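Notes follow the structure.
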Amino acid sequence: MKVETLHPWPATPGEAEEIQQKLRPLLDLDSPGPAAPRTVAGLDVAYEKGTDRLAAAVVVLDAATLQPLEESVVIGAAAFPYVPGLFAFRELPALVEALKKLTVTPDLLVCDGHGLAHPRRFGLACHLGVLTGLPSLGVAKTHLLGSHEPVGERRGSSADLRHEGQVVGRVLRTQDGVRPVYVSVGHRIGLENACRQVLALSPRYRLPETTRRADRLSRRALEQRGSR
DNA sequence: GCGACAG
DNA sequence: ATCTTGTCGC
């Protein structure tokens, strides 16, 4: 698939923040998003212990059956130091390369990290949404920004994530009794729909099948590249 | 000034 | 993210 050319790469955290501020206005936060996407892509990255080597993976699933339709992996290097709020700059180049190799264009991108629930409202999911032009959402395993009321123990229970009076995402329980995940919109999708999609993608485990599959693929690729 | 801080 | 054994629970 086609992906927007990567903007000039930031050399400092300050420059990285400028890029986020500049791209932020390009977000479409009004579209409800696809009601019944046919294909959904999961993205994730695995890192090698001591080095800066990484493997970025994308797995496209049939949204109805959750069966994999296409996979793409690329070995690369972390493109930026880890700084909370600038996390996307580590994985973006490798993820973009992996996306470019896809022969199909997914209807939705499910990213591993936050979207709008970000210090400058421009997390990884937003960034990837703008670069690809595709609907995107973020599913994070831990909190970054915002506060919320307690979430019910049953699957499907949720609570709005609010920050400075704005709803930036939703804390969603995807299975009975498990820790909830943090869902936030990235681009061209509404929070309501985003949560629906995440639940549909998580029939059995805490994390959506999309990210679970991408996670496995990225680690496999890393260890294979490491055992030679 | 003291925590919090996606992966 | 990654480093790591046993252990609690269905």
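All values reported here derive from a predicted model rather than from experimental measurement. Any value given below was found using the heavy atoms of this structure, including those in side chains, with hydrogens, waters and symmetry copies removed. Here is how names work: the chains are called A, B, and so on, in the same order as the sequence lines, proteins then strands, and each is numbered from 1.
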In the 5' to 3' direction, the nucleotides of DNA chain C bounding the stretch that comes under 4.0 Å of a heavy atom in chain A are C/dA1 to C/dT2

Taking only residues two or more places apart in sequence or in another chain, which ones pass ring-ring contact (aromatic ring centres under 6.0 Å, His included) with A/Phe89?
-> A/Trp9, A/Phe80, A/His127

Measure the distance from CG on A/Leu161 to C1' on B/dA6 and round it to the nearest whole Å.
-> 12 Å

Find the distance A/Leu43:CG to B/dA6:C1' and express it as a whole number of Å.
-> 15 Å

Write out the stems for DNA chain B, ordered by first number and formatted as range with range, counting runs of at least 3 consecutive Watson-Crick or G-U wobble pairs under 3.5 Å.
-> none

Under-3.5 Å donor-acceptor pair between A/His143 side chain and B/dA6 base | no

Check: residues 48-59 of chain A side-chain donor-acceptor pairs under 3.5 Å, at least two apart:
{"from": "A/Glu48", "atom 1": "OE1", "to": "A/Thr51", "atom 2": "OG1", "distance (Å)": "2.7"}
{"from": "A/Thr51", "atom 1": "OG1", "to": "A/Arg53", "atom 2": "N", "distance (Å)": "3.0"}

Just checking A/Leu86: base, sugar-phosphate only, or nothing, at a heavy-atom cut-off of under 4.0 Å?
-> base

How is A/Gly138 classified with respect to the nucleic acid when contacts are heavy atoms under 4.0 Å: base, sugar-phosphate, or nothing?
-> nothing

Can you name the residues that form a side chain to side chain donor-acceptor pair (under 3.5 Å) with A/His118, not counting sequence neighbours?
-> none

note: A/His114, atom NE2; B/dA4, atom C1'; distance rounded to Å ~ 13 Å

Would you jot down, in residue-number order, the residues of residues 122-130 of chain A having a non-hydrogen atom under 4.0 Å from DNA chain B?
-> A/Gly123, A/Leu124

Can you tell me if A/Arg173 uses its side chain to pair, donor with acceptor, with the backbone of A/Gly152 under 3.5 Å?
-> yes

Quick one: A/Tyr182 OH to B/dC5 C1', roughly how many Å, whole number?
-> 13 Å

